[in-house]
Amino acid sequence: MLREDRLLILPDEEKAAGGSIAAGRPIGREYYDQPAAKHAFMQTHGLRVSVFSMANPWLDFVTSPRAAAADLARSLNDDTEELCRTANDVARSRGDNRRLYAFGVLPTGSSAEDSANEIRRIASGALPSVRGVIIGTRALGTGLDDPAVEPLLEALGETGL
């Protein structure tokens, strides 16, 4: 029997399904073959630039261990950069000027300092296709108006992201 890979979006999905493999959503080509489909969509509709991002709930739920959230954010942002670079290189090789860019994700479930570090890394030019970041309204589990979030917001202001 062929087992279908599935993606759990929210941590409680598996518990709600009683641990069943039916929990989550199937992972198909739409998750890993997006650049070709995205460029085709852009061509059909006359779009030159498109920006994509990770879907909610971002990384707000990754709270422990602290390093796991920061490592995951770095890895996802690196993968996003690679996806954009590959898609854009293929487009360029075909004489196509369409470009994919992205918003990065922050480890907002861990600490404002880790998020600020990732903001600075993105803004440094290390990830040229990542042009901004996405954050939820409950950064650090408290909300964007919590003083604990200030280092994250300050880094956004300092870097212009």
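Since we're looking at a predicted model, the values are computed, not measured.
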Student: Report the residues that fulfil side chain to side chain donor-acceptor pair (under 3.5 Å) with S75, sequence neighbours left out, ordered by chain and then residue number.
Tutor: none
Student: Measure the CG-OG distance between L106 and S111 for me, rounded to the nearest 0.5 Å.
Tutor: 10.5 Å
Student: Quick one: list whatever passes side chain to side chain contact (heavy atoms under 4.5 Å, CB included) with Q43, sequence neighbours left out.
Tutor: R98
Student: Can you check whether F103 reaches V133 side chain to side chain, under 4.5 Å on heavy atoms?
Tutor: no
Student: Report the residues that fulfil side chain to side chain donor-acceptor pair (under 3.5 Å) with T108, sequence neighbours left out, ordered by chain and then residue number.
Tutor: D60
Student: Go through the structure and list residues passing side chain to side chain donor-acceptor pair (under 3.5 Å) with T86, not counting sequence neighbours.
Tutor: E82
Student: Identify, with sequence neighbours excluded, every residue that meets salt bridge (Lys or Arg N to Asp or Glu O under 4.0 Å) alongside D89.
Tutor: R92
Student: Could you pull out all residues at least two apart from E158 that satisfy salt bridge (Lys or Arg N to Asp or Glu O under 4.0 Å)?
Tutor: R120
Student: Supply the atom-to-atom distance M54 CE to T80 OG1, rounded to the nearest 0.5 angstrom.
Tutor: 9.0 Å
Student: How long is the straight-line distance from CG of L100 back to CG of N88, given to the nearest 0.5 Å?
Tutor: 5.5 Å
Student: By the salt bridge (Lys or Arg N to Asp or Glu O under 4.0 Å) test, which pairs, at least two apart or in different chains, include something from residues 69-78?
Tutor: D71-R74, D78-R121
Student: Minimum heavy-atom separation for A73 to P107, with atom names?
Tutor: CB-CD, 3.7 Å
Student: Can I get a per-line list of side-chain donor-acceptor pairs under 3.5 Å for residues 45-53, giving both atom names and the distance, sequence neighbours left out?
Tutor:
unit_1	atom_1	unit_2	atom_2	d
S50	OG	K38	NZ	3.2

Student: When rounded to the nearest 0.5 angstrom, what is the spacing between OG in S110 and CG in L72?
Tutor: 10.5 Å
Student: So do the side chains of L152 and I135 get within less than 4.5 Å of each other, counting heavy atoms only?
Tutor: yes
Student: If you compare all heavy atoms of P147 against all heavy atoms of P151, which two are closest, and at what distance to 0.1 Å?
Tutor: O-CD, 4.2 Å
Student: Quick one: salt bridge (Lys or Arg N to Asp or Glu O under 4.0 Å) partners of D79, sequence neighbours excluded?
Tutor: none
Student: With sequence neighbours excluded, give me every side chain to side chain donor-acceptor pair (under 3.5 Å) pair touching residues 139-153.
Tutor: T142-D146
Student: Taking only residues two or more places apart in sequence, or in another chain, which ones meet L153 in a side chain to side chain contact (heavy atoms under 4.5 Å, CB included)?
Tutor: V149, L156
Student: Enumerate the salt bridge (Lys or Arg N to Asp or Glu O under 4.0 Å) contacts for residues 99-117, please, sequence neighbours excluded, ordered by first and then second residue.
Tutor: R66-D114
Student: Can you check whether N77 reaches V105 side chain to side chain, under 4.5 Å on heavy atoms?
Tutor: yes
